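Notes follow once the structure below has been shown.
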Amino acid sequence: MKVALVGIGKIALDQHVPAIIASPDWELAATTSRHGTVDGVQAFTDIDDMLAQRSDIRVVSFCLPPVPRYEAAARAIRAGRHVMLEKPPGATLSECHALETLARKHRVSLFATWHSREAAGVAGARAWLADKTLRRLSVTWKEDVRRWHPGQDWIWQPGGMGVFDPGINALSIVTDILPDPIHVSSARLEIPENCQTPIAASVAFHHPGGAEISAELDFRQEGEQTWTISAETDQGMLVLTGGGAQLWIDGQEVAQDAGLTLTGEYPRLYARMARLVKDGAMDVDLSPMRHVFDALCLGRRVNTAPFIE
Ligand code: NAP
C-alpha cells in the first residue's frame, strides 16, 4: 500500500520512515512538509496539492504536532484517504470525535496510534495483571526535554501539552494494562513563567478497588532517564522499565519474544494499520487523552523558573 507522510520532523525521520521502508506491506510514496523531505521520495509542501496530484496514495500518516493536525487530517479524510495519527491524536477531544465522525461518513479507516502500547513488555503486563488485585501503581516518567525535544517550541504553546507529551505515553500503557477504569482525582502542575504548558506534573487517580495510583512526570531530568511503571498486587510486584520495553515480575526479567524489541513499536503500528484498512475498521481510543485533559483541568498550577533551551 502506498502511504504519504505528513510533517517530516523528528519522529517521522527516526521511526516512521525506517518502519515503512522495512515493511513489505508499505511504500513511502510522498511526503508533505514545509521544510522536511526524505531522499528519493516525492515531496510536497501543501497537503491539498499532494491529495490532488497523488490519488493513487490511499493512506496518509500524520506526524504533525497536535495543534495543526486536525485541519490536515480532515482534508485527507474528506479526500477519501485512510488516516493514521501520531499520538496524541489531536489537540482536543472534540477534534478527535469530529475526525471519527468524518471517517465514518467517508467510509475510511482512522487509527489513533499509541506507540508505547506496542512496547515489548506491555502485552505480558496486561496478561499478568488481569487476575491480580492491585494495591498500588506508580508511574515515573522523567526525561530531559532538551535531549528528546530539541527546538520543539510547539510543546510549550497552548495545545502542546508540555510534559504530558511524553507522559501520555505512560498513560497509554496504564489504560491498556489495567483491567479497571481509573480517573484523575487531583494534580499539581509546574509551569515555567515563560511557557503555557507544564514542565512537571504530579497526578493522583481514583481506582474502583481503592488502589493508590499516581504519576510523576518531569521534563528536567538530566543523566539517567526514567520511564518506569511499577504495580504492587496481592500476588507480587510488576515493573515495566524502558518505556514498556522490559517487564519484571518480582525482580526477575520476563523474557520477551525476540521480535518485540524497542524499534518494533512502529513496524507493529504499520502492520496494524494495514489490517485496519483491509478490514475497513477503525481504532480510536481516547482514554489517555481524557486523563491528560482532566489533569490539566483539575491541576493546581505552580509557577516555576523560565524554561530556556
Ligand atoms: P517535530 O520534530 O517538531 O516535527 C513535527 C513536524 O511537523 C515539523 O518538523 C514541521 O515540519 C511540521 N509542522 C507543521 N506544522 C507545524 C507547526 N505548526 N508547528 C511545528 N511543526 C509543524 O515533532 P516530533 O517530535 O516529530 O513530534 C510530532 C508528533 O509525534 C507529536 O505529536 C509527538 O507527540 C509525536 N511523537 C514524538 C516522539 C519523539 O520522540 N519526538 C515520539 C513519539 C511520538 P515542517 O516545518 O517541514 O512543516
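Note that the structure is a prediction, hence the values are computed from the model and not measured.
No side-chain donor-acceptor contact under 3.5 Å links R107 to the backbone of K105. Listed for the R78 side chain is no donor-acceptor partner under 3.5 Å among the backbone atoms of L102. Side-chain N or O atoms of T113 include none that pairs as donor or acceptor with a backbone N or O of L269 at under 3.5 Å. Listed for the H207 side chain is a donor-acceptor partner under 3.5 Å among the backbone atoms of G209. Counting only distance, with no hydrogens or angles, the side chain of R81 and the backbone of L51 share a donor-acceptor pair below 3.5 Å. Remark: side-chain polar atoms of W141 are paired, donor with acceptor, to backbone N or O of P166 under 3.5 angstrom. A donor-acceptor contact shorter than 3.5 Å links the side chain of T175 to the backbone of L171. Q15 places no side-chain N or O within donor-acceptor distance of the main-chain N or O of I11, the cut-off being under 3.5 Å. Using modelled atom types, no side-chain atom of R188 and backbone atom of G299 make a donor-acceptor pair closer than 3.5 Å.
Looking at every heavy atom in both residues, P158 comes nearest to V67 through O-CG2, 3.5 Å. For the pair D165 and G160, the tightest heavy-atom approach, listed with the atom from each and the gap, is CB-O, 4.1 Å. When all heavy atoms of I191 and P198 are compared, the pair lying nearest together is CG1-CA, 4.0 Å. Contact between L93 and R290 at its shortest, heavy atoms only, is CD1-CG, 4.0 Å. Nearest heavy atom pair, residue T32 against residue I47, reads CG2-N, 3.6 Å. Heavy atoms only, all atoms of each residue included: A43 and T37 are closest at CB-CG2, 3.8 Å.
Applying the side chain to side chain donor-acceptor pair (under 3.5 Å) rule to pairs touching residues 220-237 yields R136-E232, E143-W227, W148-Q225, E190-R220, D218-R220, sequence neighbours excluded.
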Exercise for the section: Take I199 and V163, measure what side chain to side chain contact (heavy atoms under 4.5 Å, CB included) needs, and give me the verdict at the end. Expected result: CA-CA 5 Å; I199 198 163; V163 74; 5.8 Å; no
Problem - Check against side chain to side chain contact (heavy atoms under 4.5 Å, CB included), L110 and L85 - result: CA-CA 8 Å; L110 179 66; L85 303 168; 3.9 Å; yes
Handout entry: Trace of the salt bridge (Lys or Arg N to Asp or Glu O under 4.0 Å) decision for R117 with D285
Key = CA-CA 12 Å; R117 287 183 175 174; D285 173 19; 2.8 Å; yes
Practice task
Take R34 and D46 through the test salt bridge (Lys or Arg N to Asp or Glu O under 4.0 Å) and record every step on the way to the result.
Solution key: CA-CA 7 Å; R34 298 164 308 180; D46 182 89; over 6 Å; no
Exercise for the section: Decide side chain to side chain contact (heavy atoms under 4.5 Å, CB included) for V277 and R58; before the verdict, give the C-alpha distance in whole Å, the side-chain angles of both, and the deciding distance to 0.1 Å. Expected result: CA-CA 9 Å; V277 172; R58 307 306 308 157; over 6 Å; no
Problem - Criterion side chain to side chain contact (heavy atoms under 4.5 Å, CB included) on H97 and E100, from CA distance to verdict - result: CA-CA 5 Å; H97 292 307; E100 234 182 314; 3.8 Å; yes
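For E193, the CD atom is densely surrounded, since the number of other residues' heavy atoms within 6.0 Å is greater than 12.
With a 4.5 Å cut-off on side-chain heavy atoms, F164 and L296 count as touching. In this structure, P89 and F62 have side chains that are not in contact, with every pair of non-hydrogen atoms separated by 4.5 Å or more. Counting heavy atoms from C-beta outward, M161 and V292 have side chains that approach closer than 4.5 Å. Using a 4.5 Å heavy-atom cutoff, the side chains of E86 and R69 are in contact. Between M282 and R104 there is a side-chain heavy-atom pair separated by less than 4.5 Å. Side chains of L99 and V284 form no contact here, defined as non-hydrogen atoms less than 4.5 Å apart. Side chains of I229 and V174 form a contact here, defined as non-hydrogen atoms less than 4.5 Å apart. Looking at heavy atoms from C-beta onward, M273 lies in side-chain contact with V59 at the 4.5 angstrom threshold.
Rounding to the nearest 0.5 Å places NE2 of H115 at 12.0 Å from CZ of R268. For the atom pair OG (S61) and NE2 (H82), the distance works out to 13.5 Å, reported to the nearest 0.5 Å. With rounding to the nearest 0.5 angstrom, the CG atom of L298 is 9.5 Å from the CG atom of L189. The line from CD1 of I177 to CG of L238 is 6.0 Å long, rounded to the nearest 0.5 Å. Distance check: E212 CD to H206 NE2 gives 13.0 Å after rounding to the nearest 0.5 Å. Annotation: the span from D48 atom CG to Q53 atom CD amounts to 11.0 Å, rounded to 0.5 Å.
Classification of the Y270-W26 ring pair by plane angle, with boundaries at 30° and 60°, yields perpendicular.
A single hydrophobic cluster is not seen to contain both I57 and M1; linkage of ILVMFWY side chains at heavy-atom distances under 4.5 Å, directly or through other members, places them apart. A chain of hydrophobic side-chain contacts below 4.5 Å, direct or via other Ile, Leu, Val, Met, Phe, Trp or Tyr residues, connects I20 to V41. Two different hydrophobic clusters hold V60 and F111 under the rule that ILVMFWY side chains link at heavy-atom gaps under 4.5 Å. By the criterion of side-chain heavy atoms lying less than 4.5 angstrom apart, applied directly or through intervening Ile, Leu, Val, Met, Phe, Trp or Tyr residues, F44 is not grouped with L28; the two fall into different hydrophobic clusters. Linking Ile, Leu, Val, Met, Phe, Trp and Tyr whenever their side-chain heavy atoms come within less than 4.5 Å puts L5 and I21 in one cluster.
No hydrogens or angles considered: nothing links the side chains of E216 and T140 as a donor-acceptor pair under 3.5 Å.
A ring-centre distance under 6.0 Å is found for W156 and F219. Taking the ring centroids of Y266 and H16, they lie under the 6.0 Å cut-off. Between H291 and F205, the gap from one ring centroid to the other is short of 6.0 Å.
Cluster partners of V239 are M237, W248, counting Ile, Leu, Val, Met, Phe, Trp and Tyr whose side-chain heavy atoms approach within less than 4.5 Å, directly or via other members.
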